[in-house]
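Let me begin by presenting the structure, written as structure tokens, before commenting on it.
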Amino acid sequence: MPQHWLFKTDPDSFAFDDLWRAKKRTSGWDGVRNHQARNFLRDSVRVGDLVLVYHSSSDPVGVAGVARIASAPRPDPTQFDRKDDHHDPKSSRAAPTWVEVDVQALAQCPHFVTLAELRAEPRLAGLLVLRPGQRLSIQPVEAADFAVVLELAGLRPSDLGS
DNA sequence: GCCAACGTTGGC
DNA sequence: GCCAACGTTGGC
């Protein structure tokens with residue numbers, strides 16, 4: 001059984017649409033610079049897991065699409081790139097601090113699910129992203145909650161089939 | 001732009 | 001190890 005996740009992104013730098021238009025609809029999910037989020041990527045995420053792609057700091061805020069994990073974790077190249085915003089001078093190629101995984105877009109949400117709509121759905125009371133102060137950019141999602149979000153988005157599980 | 005909630009840094 | 005200062009996140 002796949003696990004389910006919510007990945008946050010600022011669409012000004014990388015939107016779901018950018019992933020949708022990428023070659024093979026696949027891109028490395030780089031730039032994660034929080035240890036707890038990194039641990040999820042490194043230790044818990046598996047190929048085939050399903051991901052809600054969430055747009056933060058935007059108008060509107062909410063779930064834009066669904067993707068799948070498409071690779072094992074590997075060192076995030078941006079940590080070694082001095083010109084990158086995510087450059088980390090304390091990391092080394094011998095012992096990389098940060099990892100990325102490939103994600104592949106599976107479906108755009110026919111209906112973009114706003115944060116207000118998530119909050120208004122009683123069945124999603126346990127969704128982590130709705131908790132005050134929850135800033136983690138990689139969050140686990142319960143299978144039942146994932147199914148509810150799909151429903152709000154106008155997607156069926158079969159829409160995610162490859 | 002504001003500001004609450006967190007995480008990190010650094011002096012001690 | 002404590003904790004104040006500071007920086008970042010992210011909704012509004």
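What you see below is based on every heavy atom in this structure, not just the backbone, and it leaves out hydrogens, waters and symmetry mates. The sequence lines fix the lettering, A, B, ..., with proteins before strands; numbering per chain opens at 1.
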Any side-chain heavy-atom pair from [X] and [Y] closer than 4.5 angstrom?
| X | Y | answer |
| --- | --- | --- |
| A:Asp88 | A:Phe80 | no |
| A:Thr114 | A:Val61 | no |
| A:Trp5 | A:Val45 | yes |
| A:Val103 | A:Thr26 | no |
| A:Val149 | A:Leu124 | yes |

With B for base contact, S for sugar-phosphate-only contact and - for none (protein heavy atoms under 4.0 Å), nucleotides 3-9 of chain C reads -----BB

Review point. Is it the case that A:Asp17 and A:Gln108 place a side-chain donor and acceptor less than 3.5 Å from each other?
Key: yes

Q. Any side-chain donor paired with an acceptor under 3.5 Å for A:Gln104 and A:Arg25?
A. no

A:Leu130 atom CG is separated from C:dG10 atom C1', nearest whole Å, by 14 Å

Ordered by number, residues from residues 111-129 of chain A within less than 4.0 Å of DNA chain B (heavy atoms) are none

Given the options A:Asp30, A:Asp76, A:Thr78, A:Trp98 meets side chain to side chain contact (heavy atoms under 4.5 Å, CB included) only with A:Asp76

